[in-house]
Amino acid sequence: MVAMAKDISYDTETTGLYLHGPHEMFSYSTCGWDGEIDICRLDGSKKRQVANNSKLDEMFTWKPQFSSPVVMHNSKFDLTATEKHLGRHVAEDVEFHDTYMQSHILQSNHPSHRLKDLAWELAGIPKDDESAVKSFVAEGGNYSNVPEQLMDEYQRWDAERTMLLHRFLYPKIQASAAFSEIYQMELDLVKTTMRMEERGLMLNVPRTEKMIYKLEQDVEGVLDKIEEFAGERVNPNKTSQLAWLLFDKAKLPILERTAKSKQPKMDKNVIAQLRESNPHAVLDNILQFRSWSRGSTMLQSYLDYADGEGIIHPDIRTCGAKTSRQSSSRPNLQNVQKEGVLLNPYPIPARQCFRPRPGYVNFHLDYSGIELRLLVDYAGEDKLRKIIINGGDPHEPASLVFFRDRFKNARGDLRATLRGASKNMNFAIPYGAAAYKVALGLGMPFEMGKERFEDYRAQFPGLCGLNPRMAALVREQGYVETKFGRWLWVPRNKSYMGTNYLIQGTAAGILKRAQIKVHSYLQRATSGEVRMLLPIHDELVFEFPRKRLGEAGHIFREVRRIMIDFPMFDVPLEVDVQVATFDWSAKKMFNILV
DNA sequence: AAACACGGCGCG
DNA sequence: AAAGCGCGCCGTGTTT
């Protein structure tokens, strides 16, 4: 293991999690290849501060002959803390490692990738070393004023743990060429993601405040209406009170029960069903209450996360999901509500609250139909592949199979509805839906649905064969392997999920690689004036300076080219470009050829 | 007070 | 036997 000899593990201690907010790093620890531990406080005596700062500065400045690869557990956090403390970006060329990524790549479904859990499991290091620090903090202290001796002991172990994990896990990454490529890609992505978090997204603060004010009024109004009907004040968030309102007071029937506690189900699907047979005003009041109160709390949380300039810096976890997808938290900006796409008749136009920075517009580039394209590719479903290549509608053949003449003769809304149901089945079937769900989804009696399902099987043997194939792999080996060579572990007793993991993980692999290349292109071609802000599973959000709008066509032609440049797939990828000049709800198609 | 489970719901 | 999946966050209610 000579190659590892110079490695040094590195762990930071901060006053909290909001590094783009008030929190700061106050100490760090390192552990050398030989187990030598150094605890470096950044507070206290001037002399010590100077020494420890210069060691830090050295670690993150690339020097060809001296540099030691820095090993971290969840490097995005430590690097972000370090950059804030140093007041500069860490050097591009500094080699670093991340045991958190290693763990994700080697065991995607592990219940915990936390340092303490992994170190206990792999090296038998007990997890109780932080109890003294925890109890100090619980008694009113905070992490930065824990007595140094206590803190030293605590830090000592985390640096040691990280080094040990690296010794256990990294050789397993190195042993596979595919894992090595994935690992390097993930490390590159950490830096790309840091630049997005740092830049952040702009909230239209006054507009958000106005919207919250109106929603709060509306919530009061709807609670009054419910009180008029019920004869007393009801809190619809309380299950017992809501059940009383719906099933005792309004005498509505119980249609379903919840999975675990077997209570009457009262979600929006049930309420929609009840609404059809029994258009009781209280049902609408419940939908209004839920949507509006949730809406105002979500908007309030966006306000709380915004800094003085209205900028939100989310935490973008690069391996947030078991399928290797990214996720966003504090706040989650991947689920900002849209208008008019769901069963909710009272949507909140929350996307109106997000705006480009002054002097910028936002571009949204999304892969069109990437999920179906990948399904068709993995399934080798030639008929659909040809339709996609020729720009036809890949959901039309399914519509004809499921609805026959009814679809042939349908126009307008009905045609769209039938196509929509068929489209859902094009996903649901490869993902494991059975005849019962097919009939339900198509709105047909069970026997008819089953018969059409059989027709579909005959027409699309590739698509229908994919799930059994993946399920068999899961049962045999426990994982599915994406075209990038990533192993996605699937619970063996849920082998039908294999196809879903495969598609989701492949799309994530495409988007991640695209992000790295696009980031590097934008740095090179625009000196970082055009920036990527946020990934949303099959979409990238950018900001673009208005003064350079004349170049937008040229730049996004290249971005699009990079995004779809994955020759390993037989089905072509496609990207749609939209521009938002005022807010995210008013997006318009943007023609990059002009 | 903190941690957890659950139902519910937004996005992909 | 039958089964679409992945997240994060909220409010309520229970456990520690």
Side-chain angles (χ1 to χ4, degrees), chain A residues 108-109 134-135 137-140 235-243 256-271 286-287 289-291 293-302 304-305 314-317 319-339 341-344 346-348 350-351 366-367 369-371 375 424-438 440-441 466-468 470-471 480 488 490-491 493-505 507-508 511 534-540 584:
Chain A
S108 59
N109 69 335
K134 279 259 168 73
S135 58
V137 172
E139 282 156 28
N235 179 354
N237 281 329
K238 290 195 194 284
T239 323
S240 55
Q241 292 189 25
L242 184 60
E256 273 178 72
R257 291 193 171 263
T258 60
K260 305 234 160 139
S261 61
K262 307 293 172 200
Q263 294 300 107
K265 209 154 163 57
M266 298 178 287
D267 69 4
K268 65 179 163 68
N269 288 316
V270 167
I271 292 183
I286 295 307
L287 293 178
F289 172 83
R290 287 206 179 135
S291 186
S293 60
R294 179 185 186 277
S296 77
T297 10
M298 292 306 284
L299 292 179
Q300 184 58 52
S301 91
Y302 298 152
D304 295 341
Y305 283 112
D315 178 6
I316 302 167
R317 297 179 55 195
C319 285
K322 293 194 288 293
T323 56
S324 80
R325 265 188 179 183
Q326 290 157 289
S327 70
S328 163
S329 63
R330 294 182 279 125
N332 183 357
L333 291 183
Q334 291 178 326
N335 73 343
V336 180
Q337 196 165 349
K338 292 168 135 185
E339 288 147 274
V341 283
L342 30 96
L343 223 69
N344 179 351
Y346 307 101
I348 306 307
R351 272 165 135 90
D366 69 294
Y367 285 97
I370 191 167
E371 223 179 330
L375 275 170
N424 285 343
M425 289 309 114
N426 267 339
F427 296 115
I429 291 170
Y431 289 161
Y436 166 78
K437 283 278 181 188
V438 173
L440 197 71
L466 184 62
N467 188 282
M470 290 303 126
V480 294
L488 299 170
V490 182
N493 59 348
K494 291 189 176 171
S495 60
Y496 66 93
M497 299 195 324
T499 313
N500 187 269
Y501 274 51
L502 179 74
I503 301 301
Q504 213 179 93
L511 197 75
L534 182 73
I536 321 183
H537 309 308
D538 65 349
E539 174 184 352
L540 294 173
W584 287 12

Check your understanding: Which distance, rounded to the nearest 0.5 Å, do you find between the CG of Leu440(A) and the CE of Met425(A)?
Key -> 8.0 Å
Point to revise | Between dC11(B) (C1') and Arg351(A) (CZ): distance, integer Å | key: 7 Å
Review point. Where the side chain of Thr258(A) meets the backbone of Gln263(A), is there a donor-acceptor pair that is under 3.5 Å apart?
Key: yes
Review point. Between Ser296(A) and Leu299(A), is there a donor-acceptor pair closer than 3.5 Å when you use the side chain of the first and the backbone of the second?
Key: no
Point to revise | d(CD, Glu256(A); P, dC6(B)) in whole Å | key: 18 Å
Check your understanding: Does Tyr501(A) place a side-chain N or O at less than 4.0 Å from the phosphate oxygens OP1/OP2 of dG6(C)?
Key -> yes
**Study point:** Backbone N/O of Phe289(A) and side chain of Ser293(A): donor-acceptor pair under 3.5 Å
**Key:** yes
Point to revise | Test item: Asn467(A) side-chain N/O and Tyr496(A) main-chain N/O as donor-acceptor pair under 3.5 Å | key: yes
Review point. Taking only N and O in the side chain of Lys260(A), is any of them less than 4.0 Å away from OP1 or OP2 of dC6(B)?
Key: yes
Exercise for review: Name the nucleic acid region contacted by Lys494(A), choosing base, sugar-phosphate or nothing; use a 4.0 angstrom heavy-atom cut-off, strictly under.
Suggested key: nothing
Review point. So, is Lys338(A) close to the dG12(B) phosphate, meaning a side-chain N or O under 4.0 Å from OP1 or OP2?
Key: yes
Review point. Whole Å only: how far is the OH atom of Tyr367(A) from the P atom of dC11(B)?
Key: 22 Å
Exercise for review: Spell out yes or no: do the side chain of Arg290(A) and the base of dG8(B) have one donor N/O and one acceptor N/O closer than 3.5 Å?
Suggested key: no
**Study point:** Residue closer to the 5' end of DNA chain C, Asn493(A) versus Gln504(A) (nearest nucleotide)
**Key:** Asn493(A)
Exercise for review: Please name the pair of heavy atoms, one in Ile348(A) and one in Gly295(A), separated by the smallest distance, quoted to 0.1 Å.
Suggested key: CG1-CA, 3.9 Å
Review point. Tell me: CD of Glu371(A) to C1' of dC11(B), nearest whole Å?
Key: 13 Å
Point to revise | Rounded distance in Å - CG (Leu502(A)) to C1' (dG6(C)) | key: 14 Å
Exercise for review: Begin with the C-alpha distance, continue with both residues' side-chain angles, and end with the deciding distance and a verdict on side chain to side chain contact (heavy atoms under 4.5 Å, CB included) for Gln337(A) and Asn344(A).
Suggested key: CA-CA 11 Å; Gln337(A) 196 165 349; Asn344(A) 179 351; 3.9 Å; yes
Study note, to complete from the structure: Whole-Å distance, Leu287(A) CG to dG10(B) C1', equals 15 Å
Practice item. Evaluate the side chain to side chain contact (heavy atoms under 4.5 Å, CB included) criterion for residues Tyr302(A) and Val336(A): first the C-alpha distance (whole Å), next the side-chain angles of each, then the deciding distance (0.1 Å), finally the verdict. Key: CA-CA 10 Å; Tyr302(A) 298 152; Val336(A) 180; 3.6 Å; yes
Review point. Between dG10(B) and Lys268(A), is there an OP1 or OP2 to side-chain N/O distance shorter than 4.0 Å?
Key: yes
Review point. Choosing from dC5(C), dG12(B), dG7(B), which nucleotide comes nearest the side chain of Tyr496(A)?
Key: dC5(C)
Practice item. Mind calculating the distance between CG (Asn424(A)) and C1' (dC5(C)) to the nearest angstrom? Key: 14 Å
Point to revise | Helical stems, DNA chain C - three or more consecutive Watson-Crick or G-U wobble pairs below 3.5 Å | key: B:1-12 with C:5-16
Practice item. Take Met266(A) and Arg290(A), measure what side chain to side chain contact (heavy atoms under 4.5 Å, CB included) needs, and give me the verdict at the end. Key: CA-CA 11 Å; Met266(A) 298 178 287; Arg290(A) 287 206 179 135; 4.0 Å; yes
Review point. How close or far is atom P of dC9(B) from atom CE of Met266(A), stated in whole angstroms?
Key: 10 Å
Practice item. Report the C-alpha separation of Val490(A) and Leu502(A) in whole Å, then their side-chain angles, then the decisive distance to 0.1 Å, and conclude whether the side chain to side chain contact (heavy atoms under 4.5 Å, CB included) test is met. Key: CA-CA 10 Å; Val490(A) 182; Leu502(A) 179 74; over 6 Å; no
Point to revise | Protein-to-nucleotide contact annotation, 5' to 3' order, nucleotides 7-16 of chain C [B base; S sugar-phosphate only; - none; under 4.0 Å, heavy atom] | key: SBSSSSS---
